[in-house]
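Reckoned from all heavy atoms, side chains included, excluding hydrogens, waters and symmetry mates. Please read these numbers as outputs of a predicted model, since none were measured by experiment. The residues of the chain are indexed from 1 along the displayed sequence. Order of listing sets the numbers, starting from 1, for every ligand and every atom in it.
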Amino acid sequence: MAKRYRIGFVKGDGVGPEIIEAALEVLPHLELDVELVELEAGYRFYEMTGKVVEEGFFEEAKRLDAIIKGPLYTPSHDPSFKSVNVLIRRELDLYANVRPFKSFRGVSLKDFDFVIFRENTEGEYVGVEGMFGDIAVSLRFVSRRGSERISRLAFFYAKARGYKRVTAVHKANILKLSDGLFRQTFFNVAESFPEIVADEVIVDTAAYALVKNPEKFQVLVTPNLYGDILSDLAGGLLGSLGLCGSALIGDVVGVFEPVHGVAYDIAGKGVANPVGMLIALKLMLEYLGQRYGNLETLRKAEVLENSIRRVLEVRRVWTPDLGGQHGTRDVVAAVVEEVSDTLRQTR
Ligand code: NAI
């Protein structure tokens with residue numbers, strides 16, 4: 001009997017509910033046995049209830065097979081409101097933020113296929129800050145364990161997907177101890193993968209080289225903040241932040257979300273690009289397929305990605321961020337058509 005997946009969804013803030021709705025509309029057409037569970041979290045939820053996540057959120061999250069999630073708002077002007085994203089990542093120990101960037105023909109600025117592995121629980125994001133008179137101090141944590149597990153996952157991924165090179169991104173020339181530890185741990189892990197080339201690039205050079213020659217990169221491993229910044233740069237190369245999806249991986253559960261934020265400027269207008277969320281959905285199917293050894297789920301992930309590619313590259317159903325005039329729902333309808341056609345033909 002096919003595995004029944006228990007999938008959580010968090011609508012989130014801003015464009016979150018629109019794009020989660022898009023994912024939930026596509027999901028049934030992939031013909032998987034899924035039970036959906038809604039989880040509440042985020043700024044909107046906080047304004048309504050005074051809590052940032054619902055009672056029992058983390059216990060339930062740990063019982064699920066995977067979670068899809070819309071973006072959550074963190075106000076910059078309110079120092080007392082701590083990021084709910086960071087809380088979720090820490091509580092579920094989602095140590096790897098995996099972000100594939102594969103160009104779309106006719107949409108992206110250049111041709112490329114690389115994946116950023118961003119360490120997701122340490123660095124500046126531990127949120128340890130203090131004021132000493134007029135000096136604000138923020139601590140940055142880099143551990144051997146944290147650096148090792150993100151590096152190891154990146155090498156395993158490269159090996160499984162046929163990538164030949166893994167590149168560490170750091171600033172160890174200046175941050176001798178913290179990024180020095182990250183760098184050294186990366187090269188220690190690399191010794192267990194002799195068939196893969198391990199190299200390194202300083203983060204500022206990485207920003208330049210990604211714009212100039214993105215095709216030279218395959219898998220990049222970065223501390224938390226560098227990965228965050230380079231991902232948005234990669235989103236620009238891809239053609240829009242609205243096209244990028246990401247997988248947050250831990251040992252207990254995986255969380256899948258678009259790379260972009262709440263996009264309040266376009267929320268509620270029906271024009272948010274749902275592709276980033278749909279790519280996240282595809283990453284979730286890959287995760288479930290691998291976790292449960294289910295080839296059919298892996299095939300559905302491929303069907304979804306190919307459908308998204310046809311909609312963007314061939315049918316050119318584009319939202320305004322890509323220079324098109326279509327709405328969120330037009331993209332969803334086109335993806336549903338493509339998925340249904342493919343599954344009908346291969347039945
Ligand atoms: P943003 O990603 O929300 O928006 C940046 C630009 O990209 C805007 O012009 C927006 O309209 C556009 N954009 C983003 N998503 C789009 C989509 N699906 N379709 C079309 N255009 C899209 O970045 P911003 O404004 O810097 O961040 C706003 C808030 O989002 C921040 O306060 C932050 O707290 C939150 N955020 C949450 C994330 C998460 O939950 N994983 C990730 C990043 C930011």
Side-chain angles (χ1 to χ4, degrees), residues 9-23 39-47 52-53 67-92 94 96-99 104 107 116 118 120-121 124-125 127 224-225 227-249 254-281 283 308 311-312 317-332 335:
F9 68 95
V10 181
K11 287 184 181 163
D13 302 314
V15 293
E18 300 162 55
I19 57 170
I20 285 287
E21 196 181 303
L39 294 170
E40 294 271 18
Y43 198 72
R44 198 174 39 93
F45 183 68
Y46 169 75
E47 284 185 320
V52 294
V53 296
I67 298 168
I68 51 172
K69 165 184 167 299
L72 307 179
Y73 178 55
T74 314
S76 302
H77 59 266
D78 179 358
S80 67
F81 187 92
K82 293 270 169 69
S83 165
V84 187
N85 286 315
V86 170
L87 176 74
I88 292 175
R89 291 167 191 179
R90 195 177 56 226
E91 289 296 316
L92 298 178
L94 301 165
N97 196 328
V98 185
R99 297 174 158 183
F104 292 100
V107 178
I116 295 180
R118 165 188 171 195
N120 210 27
T121 50
E124 294 78 356
Y125 292 68
N224 208 338
L225 182 60
D228 194 4
I229 296 171
L230 292 180
S231 297
D232 275 32
L233 181 146
L237 282 174
L238 201 60
S240 166
L241 255 187
L243 295 174
C244 322
S246 88
L248 280 59
I249 306 294
V255 176
F256 301 83
E257 64 178 9
V259 169
H260 64 75
V262 297
Y264 278 137
D265 52 337
I266 56 167
K269 295 182 179 162
V271 293
N273 195 334
V275 168
M277 188 70 238
L278 296 179
I279 293 284
L281 187 64
L283 295 173
I308 295 167
V311 167
L312 289 178
V317 184
W318 290 357
T319 41
D321 53 312
L322 301 178
Q325 293 187 333
H326 290 281
T328 312
R329 303 202 58 80
D330 300 324
V331 181
V332 172
V335 171

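Classification of Glu18 and Arg329 as a salt-bridged pair fails, no side-chain N sitting under 4.0 Å from a carboxylate O.
The closest approach between any non-hydrogen atom of Ile19 and ligand 1 is not below 4.0 Å. At a 4.0 Å cut-off, not a single heavy atom of Met277 sits close enough to ligand 1 to count as contact.
Below 4.0 Å from some heavy atom of Asn85 lie the following atoms of ligand 1, by number and element: 37 (C), 38 (C), 39 (C), 40 (O), 41 (N). Close approach of ligand 1 to Gly242 (heavy-atom distance below 4.0 Å) involves ligand atoms 17 (C), 18 (N). Counting the atoms of ligand 1 from 1 in the order shown, those under 4.0 Å from a heavy atom of Leu72 are 34 (O), 35 (C), 36 (N), 37 (C), 39 (C), 40 (O). Close contacts between ligand 1 and Ala272 involve ligand atoms 19 (N) [criterion: under 4.0 Å to a heavy atom].
The two residues Phe256 and Ala280 have their closest heavy-atom pair at CB-O, 3.5 Å. Between Gly235 and Cys244 the shortest heavy-atom distance is CA-SG, 3.5 Å.
Taking distance alone, with nitrogen or oxygen atoms compared against 3.5 Å, Gly70 stays at or beyond that limit from ligand 1. Ligand 1 has no nitrogen or oxygen under 3.5 angstrom from a nitrogen or oxygen of Ser240.
Protein heavy atoms are found less than 4.0 angstrom from atom 17 (C) of ligand 1. Under the 4.0 angstrom criterion, atom 6 (C) of ligand 1 counts as lacking any protein heavy-atom contact. Checking atom 40 (O) of ligand 1 against the protein gives a heavy-atom contact under 4.0 Å. For atom 24 (P) of ligand 1, the nearest protein heavy atom lies 4.0 Å or farther away.
A donor-acceptor distance shorter than 3.5 angstrom exists from the side chain of Ser83 to the backbone of Asn85, with no hydrogens or angles considered.
Counting only heavy atoms from C-beta outward, the side chains of Asn224 and Asn120 approach each other to under 4.5 Å. With contacts defined as side-chain heavy-atom distances shorter than 4.5 Å, the pair His260/Ile19 qualifies. In this structure the side chain of Val53 never reaches within 4.5 angstrom of the side chain of Glu91, judged on heavy atoms. For the pair Tyr125 and Leu225, the minimum side-chain heavy-atom distance is below 4.5 Å. Under the 4.5 Å side-chain criterion, counting only non-hydrogen atoms from C-beta, Val255 is not in contact with Val10. With contacts defined as side-chain heavy-atom distances shorter than 4.5 Å, the pair Leu243/Val107 qualifies. Looking only at side-chain heavy atoms (C-beta outward), Met277 and Leu281 stay at 4.5 Å or farther from each other. Between Val271 and Thr319 the shortest side-chain heavy-atom distance does not fall below 4.5 Å.
Of the listed options Asp13, Asn273, Ile266, Ile266 places a heavy atom closest to atom 22 (C) of ligand 1. Nearest to atom 27 (O) of ligand 1 by heavy atom, out of Gly235, Ser83, Gly261, Pro320, is Gly261.
Of the heavy atoms in Thr74, both backbone and side-chain atoms come closer than 4.0 Å to ligand 1. Heavy atoms of Thr319 found under 4.0 angstrom from ligand 1: none, in either backbone or side chain. The proximity of Glu257 to ligand 1, defined as any non-hydrogen pair under 4.0 Å, is limited to the side chain.
Taking atom 30 (O) of ligand 1 as the reference point, the nearest protein heavy-atom neighbour is Val262 N, 3.1 Å. Counting only heavy atoms of the protein, atom 12 (C) of ligand 1 lies nearest to Ala263 CB, 4.5 Å. Atom 15 (N) of ligand 1 has as its closest protein heavy atom His260 CG, 3.0 Å. Among all non-hydrogen protein atoms, the one lying nearest atom 8 (C) of ligand 1 is Asp265 OD2, 3.6 Å.
The CG atom of Asp232 sits 7.5 Å away from the CZ atom of Arg99 when rounded to the nearest 0.5 Å.
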